[in-house]
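Notes to accompany the following structure.
Just so you know, these numbers use all the heavy atoms, side chains as well, and skip hydrogens, waters and symmetry mates. Note that the coordinates shown come from a computational prediction; the quantities given were computed from them, not determined experimentally.
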Amino acid sequence: MAASMVKSFLVYHLFWWMFLIITVSSKPPNIIILLADDLGYGDLPSYGHPISEAPVLEQLVAAGLRFTDFYSANPVCSPSRASLLTGRQPPRTGVWPGVFYPQSSGGLPLKEITIAETLKAKNYSTALIGKWHLGVGENNKYMPTNQGFDSYYGIPYTHDMCPCLKCFYPDQPCFYTCNTDVVACPLFKDTVVIEQPTDFTKLSNKYSEEARTWIRKQAQTNQPFFLLYAFHQTHNPMFSNKKFTNATERGPFGNMLLEMDWMVGEMLEELRAHDLEEDTFIFFTSDNGPCLLRPFDGVGNAGLLKCGKGTTYEGGQRVPAIAYWPGHIKPGVTKEIASTLDLLPTIANIAQVPLPSVVLDGLDMGNILFNHGRGLRDTLLYYATFPEPDIGVYAVRHKQYKAHYLTSGNSNSGDDNHDPDCRPSAGQQPHAPPLLYDLYQDASEQFVVNHKKHRDIYALMYKIKVQNEALMSWAESEINKPSNSSLEPCCNPGCHPRPECCVCKSKFTPAIMKV
């Protein structure tokens with residue numbers, strides 16, 4: 001058995017290094033991560049939705065590798081994004097519990113090493129377009145340009161954390177309750193607010209033009225590039241421009257999804273215009289499961305999975321994922337377990353850059369991507385939206401089995417969800433013995449595996465839980481640091497009264513608007 005494992009290990013690494021020698025012996029490939037917001041497992045046509053329209057993403061599915069068992073590292077935005085960028089679980093990064101707000105004083109610690117910083121070892125040009133949500137802080141301390149990104153263009157947090165003004169062309173209101181006690185949504189260029197409030201009926205056009213312009217600029221150099229394109233779609237409140245308002249049968253959610261799909265298409269068109277498509281590794285996924293709040297006019301879909309955003313049930317963290325790289329990744333479907341945690345080590349190997357000298361929770365997906373083979377991951381840990389060091393892991397997946405040691409509903413999964421386990425009224429509930437499910441037979445987590453007939457599996461799951469919890473280190477919480485309304489981004493710093501005075505037209509010059 002040991003000899004067989006050693007042989008498999010050697011064969012895997014032989015194929016992997018042969019791939020590297022062939023593909024990255026000269027200029028490393030470009031890297032693009034396309035990150036949707038709150039897109040559910042069942043929201044895309046290829047994942048089962050009968051009405052959704054996403055023709056560009058479906059082309060990527062047809063020509064790329066679709067994952068059936070891909071997971072975000074957490075069921076809400078800030079911790080899941082921290083884990084994607086660092087390859088580390090939220091407790092290690094300090095991005096817990098919950099999410100950052102406009103007035104938060106904390107952020108992703110600068111000592112954490114992001115994908116962007118890792119790629120600097122090969123002189124990558126790096127940019128982030130879209131949502132950040134890993135803190136702003138005093139004097140823009142935690143913004144992307146201090147975390148390895150050469151440039152940033154976007155809104156630094158979720159757009160429901162701003163007053164909702166208009167969301168649909170030409171001036172229709174938003175079907176959502178937003179925070180009205182903070183500054184209007186600021187659109188940043190690097191660390192400068194260039195528009196406040198942001199016009200959501202034009203935002204996607206601006207992001208698309210920024211992405212195309214940036215790619216066009218990179219094409220004129222011989223420098224590899226990394227782009228994190230972090231869409232606001234499909235987070236509430238729904239919004240869309242003139243072209244996509246009332247464009248689909250699915251309504252506002254479908255319109256927003258189709259608009260994001262168009263943005264992906266625009267980016268691909270720019271890559272093709274400069275013959276960069278075959279030199280670019282593209283990975284599409286979502287930061288967490290769908291928001292299931294009603295009665296707002298637009299709600300995501302987790303497909304056959306239980307619950308949604310904010311929970312550690314499958315609907316909260318299992319998300320769509322597509323890997324695309326013409327000439328390198330063959331079309332197909334993989335059932336291997338993988339996670340957003342795995343993007344950093346995978347990208348580091350593709351680009352042939354050293355891994356950060358820290359404890360990583362991510363694993364290289366190379367054998368899955370390039371050989372359609374077995375992955376290195378057979379275990380997944382589920383940390384809750386509001387984790388606690390003395391409680392630890394909520395659930396563990398090992399191969400096809402998943403054990404819930406604690407469960408909790410969440411407001412993002414809906415007060416009126418048909419499943420009472422998903423509602424916020426379903427508070428933290430310990431389970432001894434744990435709720436054990438066979439996800440191969442029961443992806444919807446409906447039928448608990450008999451404890452008495454599977455004592456060996458229960459014992460193995462508990463052993464995995466205890467071992468991993470013993471190895472986990474909990475950094476000081478960044479999210480629990482004191483809040484201060486003076487930290488809310490304002491294009492007129494020092495003005496009064498706030499937040500009303502934080503209003504600037506996009507025609508203002510950066511010198512006037514500098515924060």
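For the 3.5 Å distance criterion, the side chains of Ser240 and Thr245 qualify, holding a donor opposite an acceptor. Between the side chains of Tyr229 and Glu210, not a single donor N or O lies within less than 3.5 Å of an accepting N or O. A donor and an acceptor atom, one from each side chain of His235 and Lys309, are located under 3.5 Å apart. There is no side-chain donor-acceptor pair under 3.5 Å between Thr93 and Glu112. In the model, Asp419 has no side-chain atom that pairs as donor or acceptor with a side-chain atom of Asn417 under 3.5 Å.
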**Message:** Evaluate Asp38 against Thr234 for side chain to side chain donor-acceptor pair (under 3.5 Å), listing each step before the verdict.
**Reply:** CA-CA 6 Å; Asp38 290 7; Thr234 51; over 6 Å; no

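Salt bridge Asp69/Arg397: present, at least one basic N to carboxylate O contact under 4.0 Å.
Within the cation-pi definition used here (under 6.0 Å to the ring centroid, within 45° of the axis), Lys402 qualifies as a partner of Tyr382.
Sorted by first and then second residue, the salt bridge (charged side-chain N to carboxylate O under 4.0 Å, His left out) pairs involving residues 339-352 (not counting sequence neighbours) are Asp342-Arg377. Sorted by first and then second residue, the pairs that involve residues 253-267 and meet salt bridge (charged side-chain N to carboxylate O under 4.0 Å, His left out), not counting sequence neighbours, are Arg212-Glu266.
Partner Ser83 forms a side chain to side chain contact (heavy atoms under 4.5 Å, CB included) with one of Ser339, Pro90, Ser78 and no other, that one being Pro90.
Between the Ser477 side chain and the Trp96 main chain, a donor and an acceptor come within less than 3.5 Å of each other. Listed for the Gln233 side chain is no donor-acceptor partner under 3.5 Å among the backbone atoms of Leu257.
Atom OH of Tyr153 has more than 12 heavy atoms from other residues, nucleotides or ligands within 6.0 Å. Remark: Glu249 CD is loosely packed, at most 12 non-hydrogen atoms of other residues, nucleotides or ligands lying under 6.0 Å away.
The shortest distance between side-chain heavy atoms of Tyr142 and Leu134 does not fall below 4.5 Å.
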